[in-house]
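These notes are about the structure you will find just below.
Start at 1 and go down the list; that is how both ligands and their atoms are numbered. In this chain, numbering begins with 1 at the start of the sequence shown.
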Amino acid sequence: MTLALNGIGVSAGTAIGRAHLLQGNRLEIVAITLPVDALDAEIARFEQALDAARCELRAILDQIPHSTPADIRAFIDTHMLMMEDPSITQAPMEHIRTLACNAEWALQIQRDALCRVFDEMDDPYLRTRKDDVDHVIRRVQRLLIQANPPQSESAPHSLHGRIILADDLAPADTLWMQHQGIAGFVTEFGGPMSHTAILARSLDIPAVVGVHGLGRYIREGEELVVDGHNGQVLTGLDVRTRQYYEQSIRREQERRAALHSLIDAPTETQDGLSVQLLANIELPNELDRIHEVGAEGVGLYRTEFLFMNRTEAPDEDEQFEVYLRVVKALEGRPVHIRTLDLGADKSVDGSGPVSVNPALGLRAIRLCLQEADGLFRPQIRAILRAAAHGPVRLMLPMLSQINEVRQARRIIEEEKAELERRGEHFDRHIAIGGMIEVPAAALAARCFVRELDFLSIGTNDLIQYTLAVDRMDDEVNYLYDPLHPAVLELIRTVIEAGTAAGIPVAMCGEMAGDPRYTRLLLAMGLQTFSMHPTAMLEIKNVITCTDVEETRRSGITCLDSMDPDSVNAWVERLNQDLP
Ligand code: PEP
Ligand code: MG
């Protein structure tokens, strides 16, 4: 009998293959008290394991093909950098000395302390960065207890076509296994924003995460389907289920080939409406992808990644160099640089008081305005200088009060004066826009459009704040609903306010890159979509086969009813003829 296990699909695509359960993925770490005269030897053992872990990562980097995109190699570089950070190299040694304990336990204590810091972060992406801490520390712990590596380094030729099952996977291991030709992977833990999930999307590996109790239901060598679209893993396949998925894989391959032909086509609806497709990026290295899918520019550049994995914020010059690289690589296409969206009562080095409720705490623009001299002003100067070299727009995150716009604008003017005084080149007329991610800002959009040059709707936060649902919390994830009538009402309010004021409104949350919502958003008047580059051709495909006027006529008035069933039924009807 076919059994379906549910999780979170983190990358589109389906695969059929035999299961390979990774052993030793979960390590038993025990505390051992050591005599004082054994501590020096324990510290030496720790240092040797750290060196061995660095060698492992270097070996993985050496063996992955040169064609691997730089942003993907960057995941391993991040882990290598972490292995040089005093929080990993020094702090465990202090624990060994002060607690007279074994190195594995010292690392465990340090892991728990670092993870607590990440847990308090408000930004869902940064919160999942604790996975990196986990992966790095586990690699060293594994070497300390001489456990087998939980990956193909021990079985290099056996993974072709296999579906890997693990508690969790480190990006380095994922990359290695992709090189070995795995068909897909399933993990018991991990969320949609983890590095491994992002990697799976970038590498186009079918993957499902968060499948609780995985090991209880699946045996080594059993045939499985991984359905990354629907977040399902199927076991006990009968003939009909198998045939169904084989056909669906074939259709998927044909569709991908067909989508490729859209790269250079104009993004225009059947009734002649021109739509702008922009990309979201986190690292400048991702710019190659933008060219590959024909994006018209960058709609969201999340600059916080520049500030991560380091103890001090990058200064103005360092930021300028990075932004300039992005501007130059875009060759005249616009980039919307979002000012720092870091937060939850954390300074850059992770110290500082802990907020009672980080999601509602000191983050993004609030943090920037409070730490203007250290964080905001240098970034503003760097952005203004980069803007002298190409079309740069400055975007303020997490606005909730119009006063935040006014304060930010005042600071921007002061920094223009400072650059003027220094005789620097900069863009005096830079466009300043804001992200609408807080319901209050959406409701007050009519006020924001009077003082901003453009808006961008951040649905990831807007949905979580509107519905009071932490989407990283899988206990309440089922309530996270982009089609909730309240969410749609807010989106509509923002689009209407922008249109009435004659300023552009984009959407840069995940909703913009999900083809299920494209026709609905077009009908609501959205004309600029910004998304992860891998989603772009799929969205373009939907746009080019949509008649917006007809879509509107087919039932947009159901939004007025605020009735979720009618809205769902309408959206389903809209998508009926999609491939
Ligand atoms: C959003 O909230 O929709 C958004 C794009 O910002 P981030 O995902 O970086 O919080
Ligand atoms: Mg956001």
Side-chain angles (χ1 to χ4, degrees), residues 8 10 118 121-129 191-195 197-198 201 277-283 286 295 297-308 335-344 346 358-368 379 393-400 404 433-442 445 448 454-473 477 480-484 487-488 490-491 494-495 505-514 517 521 526 528-536 539:
I8 306 165
V10 292
F118 280 95
M121 291 192 174
D122 176 42
D123 186 299
Y125 182 90
L126 292 181
R127 217 180 315 147
T128 57
R129 296 287 55 82
M193 311 275 268
S194 67
H195 263 161
I198 293 172
R201 279 194 286 277
L277 293 184
L278 303 171
N280 295 350
I281 62 165
E282 276 104 35
L283 301 163
E286 289 166 294
V298 171
L300 167 64
Y301 172 16
R302 293 180 163 106
T303 56
E304 47 276 11
F305 287 75
L306 245 182
F307 292 68
M308 285 163 44
V335 52
H336 297 72
I337 303 184
R338 179 173 77 180
T339 57
L340 193 59
D341 183 2
L342 205 62
K346 293 287 180 304
L360 307 180
L362 187 64
R363 64 170 288 199
I365 190 71
R366 303 170 183 180
L367 176 71
C368 282
Q379 182 169 40
R393 282 136 208 187
L394 191 152
M395 190 151 78
L396 305 167
M398 282 289 298
L399 296 169
S400 60
E404 290 161 342
M435 285 194 63
I436 303 297
E437 310 178 82
V438 176
F448 282 91
F454 62 90
L455 300 180
S456 189
I457 307 174
T459 48
N460 308 343
D461 278 314
L462 184 63
I463 297 169
Q464 96 167 338
Y465 287 127
T466 305
L467 304 182
V469 170
D470 181 348
R471 70 197 176 116
M472 299 301 289
D473 180 344
N477 232 329
Y480 188 88
D481 179 15
L483 291 183
H484 190 294
V487 172
L488 297 182
L490 291 176
I491 293 173
V494 179
I495 295 173
V505 177
M507 178 179 286
C508 62
E510 292 293 305
M511 196 174 173
D514 189 328
Y517 310 123
L521 294 170
L526 190 73
T528 302
F529 295 65
S530 190
M531 67 204 72
H532 191 278
T534 48
M536 195 161 288
I539 300 297

Exercise for the section: Report yes or no: does T303 contribute a side-chain atom to a donor-acceptor pair with the main-chain N or O of R338 at less than 3.5 Å? Expected result: yes
Problem - Spacing of L490 atom CG and I436 atom CD1 [to the nearest 0.5 Å] - result: 10.5 Å
Problem - Atoms in ligand 1 flagged as close to L300, the criterion being non-hydrogen separation under 4.0 Å - result: 5 (C)
Problem - Residue part near ligand 1, for R338, under 4.0 Å between non-hydrogen atoms - result: side chain
Exercise for the section: Kindly give the heavy-atom pair with the smallest separation between L342 and L367, and that separation in Å. Expected result: O-CD2, 3.5 Å
Practice task
Measure distances from the Mg ion (ligand 2) and count the protein N, O or S atoms below 2.8 Å.
Solution key: 2
Practice task
Would you mind listing which atoms of ligand 1 come within a distance below 4.0 Å of any non-hydrogen atom of D461?
Solution key: 1 (C), 2 (O), 3 (O), 10 (O)
Problem - Nearest-0.5 Å distance that lies between atom CG in L399 and atom CD in E437 - result: 8.0 Å
Handout entry: E510-T459 side chain donor-acceptor pair, cut-off 3.5 Å
Key = no
Practice task
Tell me which one of E437, E510, R302 gets a heavy atom nearest to atom 9 (O) of ligand 1.
Solution key: R302
Exercise for the section: Considering only NZ, NE, NH1 and NH2 on the basic side and carboxylate oxygens on the acidic side, decide whether D341 and R366 come within less than 4.0 Å. Expected result: no
Exercise for the section: Verify, without hydrogens or angle tests, whether H532 (side chain) and N280 (backbone) share a donor-acceptor contact under 3.5 angstrom. Expected result: no
Practice task
Check whether any heavy atom of M511 sits under 4.0 Å from an atom of ligand 1.
Solution key: no
Problem - Reported SG-to-CZ distance for the pair C368 and R363, which is rounded to 0.5 angstrom - result: 11.0 Å
Practice task
Give a yes or no on whether the backbone of N460 and the side-chain of Y480 come within a donor-acceptor separation of less than 3.5 Å.
Solution key: yes
Problem - M435 near ligand 1 by a heavy-atom separation under 4.0 Å - result: yes
